[in-house]
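Here's the structure, in structure tokens; my notes come after.
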Amino acid sequence: MLDAKRIRANPEAIDKELSKRYISGVLDQFLLLDKERRTVLGRVEELKNFRNNASQEIGKKKKAGEDTNTLMEEVRQVGQEIKNLDDRIKVIESEIEIILLNIPNIPHESVPVGEDENYNVEIRYWGKPRSFDFEPQAHWDLGPNLDILDFERAAKLSGARFTVNKGLGARMERAIISFFLDIHSSEHGYQEILPPFMVNTECMLGTGQLPKFSEDMFKLEGREMYLVPTAEVPLTNLHREEILEAESLPLYYTAYTPCFRAEAGSHGRDTRGIIRLHQFNKVELVKIVEPQKSYEELEKLTADAEEVLQLLGLPYRVVLLSSGDMGFSAAKTYDIEVWMPAYNDYKEISSCSNCEDFQARRANIRYRPAPKARLQYVHTLNGSGVAIGRTLAAILENYQQEDGSVIIPEVLRPYMGGLELIKSS
RNA sequence: GGAGAGAUGGCCGAGUUGGUCGAAGGCGCUCGACUCGAAAUCGAGUAGGCGGCUAAUCCCCGCCUCGUGAGUUCGAAUCUCACUCUCUCCGCCA
């Protein structure tokens with residue numbers, strides 16, 4: 001959410017910033033309502049001031065045994081007018097809130113301006129895609145052939161866009177989760193959290209999934225609860241409506257959760273394999289930091305996510321997203337894309353964003369910079385560290401051998417009982 | 001699911017015959033005194049939001065907020081209703 005005062009003070013500048021996200025004219029209605037709100041507010045506050053003084057006067061007069069009927073009648077009438085004006089203000093404020101909740105974050109100055117992914121900027125590459133001296137298989141062939149992924153039975157259970165991991169497929173998924181959590185908690189200083197997988201509406205508003213993107217999520221029947229689309233939601237909302245001590249910052253959290261997404265509007269995309277599912281596993285990283293440090297922290301967070309891919313020996317590249325390709329809440333986003341032989345291309349496996357105070361404002365997460373100083377909104381960051389299913393797919397494809405077996409990356413072997421190879425039985 | 005208790009400032013905790021209560025007291029924190037320094041002690045200060053004024057996120061003025069939302073009243077932390085959450089006991093369950 002943007003700061004209403006900032007919009008009021010400089011609407012042209014904000015409008016220009018929003019044009020980088022190809023949005024225009026959303027401020028006009030806000031400015032109109034904002035002006036009316038302040039006018040009505042001024043009047044009603046005057047009346048309330050009168051009422052407060054008069055009520056006190058009545059108290060005194062009654063104590064002194066004087067007649068108060070005239071004054072009471074007068075205040076009663078003022079009370080009716082106050083009520084009318086208060087009702088109007090309430091309506092205006094809810095309209096203003098709807099407008100503000102639907103405006104995306106403003107891109108950071110370092111973000112390339114452009115309408116889609118074609119304007120993204122490649123930042124760096126790590127590792128070399130392997131050259132195969134045989135025709136590599138896609139993971140959606142490798143998995144079933146090795147009997148570690150079962151799409152047909154998953155369809156029987158739940159329909160399209162689900163998978164069943166079996167045997168070493170299940171074991172490796174669990175191994176990757178443990179490995180990532182261990183690295184981030186032991187090496188990178190994140191506190192491990194196991195949050196609820198269902199959250200309320202306030203959380204979804206706080207991180208920006210609602211009100212705009214309700215069709216992307218799974219909502220529980222008859223309840224104001226949602227299945228988490230990412231652990232970013234529970235982790236960032238841990239401190240919703242809180243005032244944090246400056247000394248407690250920065251806060252680093254990591255969590256494994258399944259992620260549930262309706263994938264509305266992505267029919268026909270990535271229909272094969274485990275790239276795009278309604279339910280997938282992910283280890284997430286979230287940081288809550290002081291504003292002046294957030295961009296430094298974004299670089300570190302991205303590096304933390306990159307490191308797990310380096311340890312797995314998976315080639316990747318880092319891409320800076322353009323203004324039009326960024327998510328709703330982000331001010332700046334790096335995507336990490338892992339090399340996938342079946343696509344002969346890099347495929348997103350992590351998205352690391354600085355949301356600045358956009359989410360903090362919605363979720364009301366503040367801190368006191370110094371004793372006696374005014375409260376300020378914190379900055380929040382999040383990034384996948386990284387997506388588990390896509391990591392499994394990348395391992396299968398990058399570590400496959402000509403006979404269809406798959407070498408287990410060395411760092412995962414301790415998590416898999418020392419096993420070195422997955423081969424069909 | 002049944003019965004009962006409760007929700008107040010960063011924290012703990014008074015206040016429920018409605019009226020100078022945004023709110024005693026304590027802790028914590030900040031500043032000062034004492035001290036070589038520290039502890040202890042003493043003194044002062046210390047909620048948030050909105051609006052006006054303003055160069056200002058300094059002052060100053062006003063309005064709102066005692067779980068949330070309605071209501072009664074000239075006036076509500078205090079009374080009424082609904083809801084949410086927490087705790088205790090019973091039942092059920094992993």
Side-chain angles (χ1 to χ4, degrees), chain A residues 1-10 13 30-97 99-100 194 196-206 220 222-226 234 237-249 251 288 290-292 356-357 360-379:
Chain A
M1 189 155 62
L2 302 184
D3 183 1
K5 283 183 196 159
R6 204 174 138 204
I7 300 177
R8 187 188 303 147
N10 209 342
F30 166 82
L31 292 168
L32 218 66
L33 289 165
D34 182 60
K35 193 170 179 189
E36 187 188 350
R37 169 172 176 269
R38 281 180 295 151
T39 305
V40 179
L41 197 59
R43 279 181 58 202
V44 78
E45 285 186 356
E46 248 175 72
L47 295 177
K48 283 179 178 174
N49 184 228
F50 166 78
R51 181 175 68 182
N52 289 344
N53 293 331
S55 293
Q56 241 174 52
E57 192 67 22
I58 289 167
K60 279 182 195 162
K61 284 192 170 179
K62 278 200 165 174
K63 214 168 253 179
E66 294 175 41
D67 175 66
T68 57
N69 286 331
T70 326
L71 192 51
M72 275 165 66
E73 181 52 35
E74 198 179 339
V75 178
R76 199 193 322 256
Q77 281 168 15
V78 170
Q80 190 52 49
E81 195 177 346
I82 288 174
K83 201 177 168 193
N84 294 340
L85 295 176
D86 269 345
D87 287 347
R88 177 63 194 148
I89 289 172
K90 218 170 277 179
V91 170
I92 294 171
E93 287 185 341
S94 72
E95 286 173 3
I96 287 175
E97 199 190 10
I99 292 172
L100 291 181
L194 184 58
F197 301 162
M198 293 183 251
V199 296
N200 57 30
T201 304
E202 285 70 33
C203 290
M204 291 300 225
L205 285 167
L220 273 70
R223 286 171 177 268
E224 285 302 310
M225 296 276 278
Y226 296 81
N237 278 286
L238 280 175
H239 297 289
R240 183 158 50 82
E241 306 290 342
E242 284 187 23
I243 295 168
L244 302 169
E245 300 291 335
E247 307 82 66
S248 71
L249 302 178
L251 291 164
I288 296 177
E290 295 184 85
Q292 67 275 13
E356 298 190 2
D357 67 359
R361 208 173 275 285
R362 290 171 159 250
N364 200 24
I365 309 172
R366 296 172 295 174
Y367 82 110
R368 199 178 297 281
K372 284 199 166 181
R374 277 180 72 88
L375 296 182
Q376 270 189 34
Y377 290 106
V378 297
H379 280 194

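Here is how names work: the chains are called A, B, and so on, in the same order as the sequence lines, proteins then strands, and each is numbered from 1. Any value given below was found using the heavy atoms of this structure, including those in side chains, with hydrogens, waters and symmetry copies removed.
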Give none if B:A38 has no partner; otherwise give the nucleotide forming a Watson-Crick or G-U wobble pair with it, both distances under 3.5 Å.
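WC or wobble partner does not exist here.
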
Who is the Watson-Crick or G-U wobble partner of B:A94, with both distances under 3.5 Å?
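By the stated definition (distances under 3.5 Å), nothing pairs with B:A94.
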
Contact list please: residues 30-38 of chain A against RNA chain B, heavy atoms, distance less than 4.0 Å, in numerical order.
A:R37, A:R38

For [X] against [Y], the heavy-atom pair lying closest together:
{"X": "A:I288", "Y": "A:V378", "answer": "CG2-CG2, 3.7 Å"}
{"X": "A:A363", "Y": "A:R240", "answer": "O-CG, 3.1 Å"}
{"X": "A:A54", "Y": "A:V75", "answer": "CB-CG2, 3.5 Å"}

Going 5' to 3' through nucleotides 54-64 of chain B and flagging B where a protein heavy-atom sits under 4.0 Å of the base, S where only the sugar-phosphate is that close, and - otherwise, we get ---S----BBS

When all nucleic acid strands are considered with a 4.0 Å heavy-atom cut-off, which category describes A:L71: base, sugar-phosphate, or nothing?
nothing

With a 4.0 Å cut-off on heavy atoms, is A:R8 in touch with a base, just the backbone sugar-phosphate, or nothing at all?
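A:R8: backbone/sugar contact only, no base atoms under 4.0 Å.
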
Measure [atom1]/[X] against [atom2]/[N] and give the value in whole Å, please.
{"X": "A:E242", "N": "B:A47", "atom1": "CD", "atom2": "C1'", "value": "16 Å"}
{"X": "A:K83", "N": "B:G75", "atom1": "NZ", "atom2": "C1'", "value": "16 Å"}
{"X": "A:R76", "N": "B:U72", "atom1": "CZ", "atom2": "C1'", "value": "12 Å"}

Residue A:I243, side-chain atoms from C-beta onward, closest of B:C74, B:G10, B:G71
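Looking only at heavy atoms from C-beta outward on A:I243, the closest nucleotide is B:G10.
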
Let's go through A:D34 and A:R38 carefully: what are the C-alpha distance in whole Å and the side-chain angles of both, what is the deciding distance for salt bridge (Lys or Arg N to Asp or Glu O under 4.0 Å) to 0.1 Å, and is it a yes or a no?
CA-CA 6 Å; A:D34 182 60; A:R38 281 180 295 151; 3.4 Å; yes

Within less than 4.0 Å of OP1 or OP2 of [N], is there a side-chain N or O belonging to [X]?
{"X": "A:R368", "N": "B:G48", "result": "yes"}
{"X": "A:K5", "N": "B:C50", "result": "yes"}
{"X": "A:K90", "N": "B:G69", "result": "no"}

Taking [M] as the reference, what is the distance to [N] when you measure between their [atom1] atoms (whole Å, please)?
{"N": "B:C11", "M": "B:U20", "atom1": "P", "answer": "25 Å"}
{"N": "B:G43", "M": "B:U16", "atom1": "C1'", "answer": "35 Å"}
{"N": "B:G62", "M": "B:A38", "atom1": "P", "answer": "41 Å"}
{"N": "B:U65", "M": "B:G75", "atom1": "P", "answer": "13 Å"}
{"N": "B:G13", "M": "B:U72", "atom1": "P", "answer": "34 Å"}
{"N": "B:A70", "M": "B:C61", "atom1": "P", "answer": "30 Å"}

Mapping A:S55 and A:L375 to their closest nucleotides on RNA chain B, which lands nearer the 5' end?
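Nearest-nucleotide comparison on RNA chain B picks A:S55.
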
State, yes or no, whether a side-chain contact exists between A:E36 and A:E95 at a heavy-atom distance under 4.5 Å.
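Of all side-chain heavy-atom pairs linking A:E95 with A:E36, none is under 4.5 Å.
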
Would you say the side chains of A:E73 and A:Q77 form a donor-acceptor pair under 3.5 Å?
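On atom types as modelled, these side chains qualify, holding a pair under 3.5 Å.
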
Atom CD in A:E45, atom CD1 in A:I89: separation rounded to 0.5 Å?
7.5 Å

